[in-house]
Amino acid sequence: MSINHAPPGSSGPDMSPISEDGSSDRAASGPGHAAHAAPELEPIVPASTRRARVPRWLRRTSGPLLLLALWQLLSSTGVLTPDVLASPGTIARVGRDLVTDGSLPGAMGVSLQRVAVGLLFGTLVGTGLALVSGLFRIGEDLVDASVQMLRTVPFVGLIPLFIIWFGIGETPKVAIITLGVSFPLYLNVYAGIRGVDSQLIEAGESLGLSRWGLVRHVILPGALPGAMTGLRYSLGIAWLALVFAEQINADAGIGFLMVQARDFLRTDVIVVCLIVYAFLGLLADFVVRTLERPLLQWRPTFTGR
């Protein structure tokens with residue numbers, strides 16, 4: 001039985017109760033009340049899913065392609081002369097010639113070897129000093145002040161000293177890269193260690209973890225995001241240091257090609273070498289970002305929308 005609470009003669013809505021099947025009792029009482037049936041519900045679709053999605057690789061490559069098209073346009077119209085900057089077509093042809101005669105692959109191999117050795121030594125030095133300074137207060141007192149003082153000295157300014165100490169062979173080149181790599185790793189690993197939540201340390205101690213257990217299971221995993229960030233910075237500085245290092249009486253490497261091209265005013269060869277530097281740096285950064293996925297899968301983060 002339903003009760004109409006509307007006044008007599010009123011055209012207001014009927015406040016009849018709704019049965020379990022979603023229809024009112026009055027609608028079920030006769031065909032004349034079929035218009036009072038409950039409307040159908042439609043799912044709400046977020047606006048972000050209704051937009052036409054552009055592939056991410058296309059969005060990431062659109063910027064460099066537009067820049068390349070503008071470069072070609074300026075070269076074709078004569079705004080950029082070959083003496084100032086060669087056109088993309090000329091640079092592509094020169095790069096193909098350097099690859100064909102083997103000079104560019106050989107130079108890349110030598111430069112990669114220098115960066116790899118310098119990065120290895122820099123990682124060992126920077127990470128080792130950060131562990132000593134971050135885990136022990138006495139280590140911080142002995143190490144941190146000296147490192148903070150040395151990192152303010154431009155490593156390029158130490159090239160004359162390195163030449164006097166180590167000569168003009170491979171040692172000063174590797175030493176410059178090592179010095180440039182060490183400081184970003186030290187700062188980020190140290191900050192990662194000191195940034196571990198103290199409540200996690202207390203929880204580990206309450207679970208009976210030893211000092212080594214805390215370092216292994218709590219502190220080092222907590223400092224790993226900072227270490228990966230420091231590694232990405234260090235890779236960028238390694239390629240920057242390589243450019244300066246290969247100016248020291250180098251007889252091979254990408255920097256050697258650039259020095260020769262500078263002497264003969266070959267802007268096309270210089271740009272090819274710069275593109276190679278950029279490509280190798282981008283490839284190294286991609287490798288580190290790929291390593292971050294399995295190493296930091298325990299830490300969900302915001303990836304943008």
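For clarity, every value in this text was computed on a predicted model and none was experimentally measured.
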Counting only N and O atoms by type, is there a donor-acceptor contact under 3.5 Å from the side chain of T77 to the main-chain atoms of L74?
yes
Keeping S182 on the side-chain end and T178 on the backbone end, is there a donor-acceptor pair under 3.5 Å?
yes
Any salt bridge between E170 and R114, counting N to O under 4.0 Å?
yes
Nearest heavy atoms of [X] and [Y], plus distance in Å:
X	Y	value
F136	L131	CD1-O, 4.2 Å
S111	E246	OG-OE2, 2.7 Å
V196	I219	CG2-O, 3.8 Å
G192	A223	C-CB, 3.6 Å
I193	G134	CG2-O, 3.7 Å
G180	I237	O-CG2, 3.3 Å

State yes or no: do [X] and [Y] share one hydrophobic cluster built from I, L, V, M, F, W and Y residues joined by side-chain heavy-atom distances below 4.5 Å, directly or via other members?
X	Y	answer
L257	V259	no
L120	L280	no
F183	V125	yes
L124	I176	no
V174	I163	no

Below 3.5 Å, can you tabulate the donor-acceptor pairs from side chains in residues 149-157 to any protein atom, sequence neighbours excluded?
unit_1 : atom_1 : unit_2 : atom_2 : d
R151   : NE     : Q148   : OE1    : 2.5
R151   : NH2    : Q148   : OE1    : 3.4
T152   : OG1    : M149   : O      : 2.6

Point-to-point distance, once rounded to the nearest 0.5 Å, from [atom1] of [X] to [atom2] of [Y]:
X	Y	atom1	atom2	result
L235	L282	CG	CG	11.5 Å
L119	S234	CG	OG	7.0 Å
W239	F244	CH2	CZ	15.5 Å
T267	I91	OG1	CD1	7.0 Å
S206	Q199	OG	CD	11.5 Å
H217	W212	NE2	CH2	8.5 Å

Which of V272, L274, L242, V276 passes side-chain contact (heavy atoms from CB on, under 4.5 Å) with I254? Answer is V276
side-chain contact (heavy atoms from CB on, under 4.5 Å) test vs L185 passes for just one of L187, N188, V181, namely V181
Counterpart residues, salt bridge (Lys or Arg N to Asp or Glu O under 4.0 Å), relative to R232 (two or more places apart)
D285
Can you sort out the partners of D268 under salt bridge (Lys or Arg N to Asp or Glu O under 4.0 Å), two or more places apart, ordered by chain and number?
R266
Taking atom [atom1] of [X] as the centre, report whether more than 12 heavy atoms of other residues, nucleotides or ligands fall under 6.0 Å from it.
X	atom1	answer
F121	CZ	no
I138	CD1	no
Q72	CD	yes

Who pairs with Y190 by ring pair (Phe, Tyr, Trp, His ring centres under 6.0 Å), at least two apart in sequence or on another chain?
Y186
Could you list the donor-acceptor pairs under 3.5 angstrom formed between side-chain atoms of residues 94-108 and any protein atom two or more places apart in sequence or on another chain?
unit_1 : atom_1 : unit_2 : atom_2 : d
T100   : OG1    : R96    : O      : 2.7
D101   : OD1    : S103   : N      : 3.0
D101   : OD1    : S103   : OG     : 2.8
S103   : OG     : L98    : O      : 3.3

Kindly indicate whether the side chain of S76, heavy atoms from C-beta on, has any atom under 4.5 Å from the side chain of S87.
no
Determine all donor-acceptor pairs shorter than 3.5 Å in which one atom belongs to a side chain in residues 62-71; sequence neighbours excluded.
unit_1 : atom_1 : unit_2 : atom_2 : d
S62    : OG     : R59    : O      : 2.8
W71    : NE1    : A86    : O      : 3.2

Checking side chain to side chain contact (heavy atoms under 4.5 Å, CB included) for the pair M228/R289: CA distance, chi angles, key distance, verdict?
CA-CA 8 Å; M228 301 303 293; R289 294 180 67 177; over 6 Å; no
Under the criterion side chain to side chain contact (heavy atoms under 4.5 Å, CB included), I'd like the reasoning laid out for M258 against Y277: C-alpha separation, chi angles, the key distance, then a yes or no.
CA-CA 11 Å; M258 292 183 65; Y277 275 130; 3.5 Å; yes
